[in-house]
Amino acid sequence: MFLCCKDEGKLTQEPVKPMVKYDMYQPSEMADFMNLMYAYNQQLKAKIMDGEVPNSMSLDLLKLHSAEMTDGKSRSQNWKSFVNVFIASQEAVVDTLSNKNLKDRYNEAINNCLNCHKTECTGPIPRIKKLLIQ
Ligand code: HEC
């Protein structure tokens with residue numbers, strides 16, 4: 001919850017806001033969905049490492065297009081250029097007909113999380129890196 005984008009550096013560049021704002025911190029719809037994606041991929045990683053072949057996805061990735069972001073932030077050009085590549089790669093992990101190695105497909109999806117985060121939201125990057133299968 002406290003690993004939101006603002007944790008890294010950004011705060012110092014912004015005007016000081018009253019502390020009470022932090023006590024009332026309410027994750028946005030998008031932040032909630034990001035945490036759901038995190039949990040989903042954590043489970044996916046465990047399954048893959050156990051030798052299972054996942055064949056269905058419980059996430060509604062179209063939420064990435066509709067969910068409200070923190071402070072009503074809008075989607076940047078960077079966001080738009082990364083989001084569909086990410087969605088395709090996350091879907092490819094459960095594509096049982098793919099002839100690409102499962103671990104590679106999974107890591108590709110996680111690397112696409114990271115690609116977007118490099119420009120959009122750097123705070124959670126160390127946590128997302130832990131999802132990679134070494
Ligand atoms: C297209 C860009 C993009 C992609 C792809 C993306 N993210 Fe995010 N992520 C964001 C943005 C922007 C936010 C901030 C959302 C907000 O504050 O409303 C965010 C927030 C987060 C957060 C912090 C949520 C919180 O509690 O504040 C986590 C954790 C996270 N993402 C994990 C992931 C994981 C894991 C993936 C891949 C499965 C992923 N993200 C893919 C852009 C992206």
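Remember, it's 1-based here, ligands and their atoms both numbered in the order they're listed.
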Undergrad: May I ask you to check if ligand 1 and Asn35 share an N or O to N or O distance below 3.5 Å?
TA: yes
Undergrad: Taking only heavy atoms of Ser28, which atoms of ligand 1 are found under 4.0 Å from at least one of them?
TA: 16 (C), 18 (O)
Undergrad: Is Arg127 in polar range of ligand 1, meaning some N or O pair under 3.5 Å apart?
TA: no
Undergrad: Could you tell me the angle subtended at atom 8 (Fe) of ligand 1 by SD of Met34 and NE2 of His117, rounded to 10°?
TA: 170°
Undergrad: Can you tell me if Met30 has an N, O or S atom under 2.8 Å away from atom 8 (Fe) of ligand 1?
TA: no
Undergrad: State the atoms of ligand 1, each with its element, that fall below the 4.0 Å cut-off from a heavy-atom position in Phe86.
TA: 5 (C), 37 (C), 38 (C)
Undergrad: Working note: Gln90 + Asn41, criterion side chain to side chain donor-acceptor pair (under 3.5 Å); need CA distance, chi angles, decisive distance, verdict.
TA: CA-CA 9 Å; Gln90 181 79 77; Asn41 279 292; 3.0 Å; yes
Undergrad: Ignoring hydrogens, what is the shortest heavy-atom contact between Lys45 and Leu131? Give both atom names and the distance.
TA: CD-O, 3.3 Å
Undergrad: So is Gln90 polar-close to ligand 1, meaning N/O to N/O under 3.5 Å?
TA: no
Undergrad: Kindly give the heavy-atom pair with the smallest separation between Glu120 and Trp79, and that separation in Å.
TA: OE2-N, 3.7 Å
Undergrad: In this structure, are over 12 heavy atoms from other groups packed under 6.0 Å from Lys63 atom NZ?
TA: no
Undergrad: Side-chain contact, heavy-atom cut-off 4.5 Å: Val94 with Glu91?
TA: no
Undergrad: Would you say Cys116 has an N, O or S atom lying under 2.8 Å from atom 8 (Fe) of ligand 1?
TA: no
Undergrad: Should Ser89 and Asn112 be marked as a side chain to side chain donor-acceptor pair (under 3.5 Å) after you check the CA-CA gap, both sets of side-chain angles, and the distance that decides it?
TA: CA-CA 8 Å; Ser89 66; Asn112 282 323; 3.0 Å; yes
Undergrad: Near Asn41, which atoms of ligand 1 are under 4.0 Å from a heavy atom of that residue?
TA: 38 (C)
Undergrad: Closer than 4.0 Å to some heavy atom of Met69 - which atoms of ligand 1 meet that?
TA: 12 (C), 18 (O)
Undergrad: With sequence neighbours left out, what residues match Ser98 under side-chain hydrogen bond (donor to acceptor under 3.5 Å, both in side chains)?
TA: Arg105
Undergrad: How does Cys121 reach ligand 1, by side chain, by backbone, by both or by neither, if only non-hydrogen atoms under 4.0 Å count?
TA: side chain
Undergrad: With respect to atom 35 (C) of ligand 1, which of Tyr38, Trp79, Phe82 exhibits the smallest heavy-atom separation?
TA: Tyr38
Undergrad: Could you pull out the closest heavy-atom pair between Leu61 and Phe86, with the gap in Å?
TA: CD2-CE2, 4.3 Å
Undergrad: Going by the order shown, which atoms of ligand 1 are within less than 4.0 Å of some heavy atom of Pro124?
TA: 22 (C), 23 (C), 28 (C), 29 (C)
Undergrad: What atoms of ligand 1 come closer than 4.0 angstrom to any heavy atom of Met37?
TA: 36 (C), 39 (C), 41 (C)
Undergrad: To check you understand the geometry: which heavy-atom pair defines the closest contact between Leu44 and Tyr106, and what is its length?
TA: CD2-CD1, 3.9 Å
Undergrad: Out of Leu36, Thr70, Asn84, Val85, whose heavy atom is nearest to atom 16 (C) of ligand 1?
TA: Thr70
Undergrad: With sequence neighbours excluded, what pairs up with Glu68 under the side chain to side chain contact (heavy atoms under 4.5 Å, CB included) test?
TA: Glu29
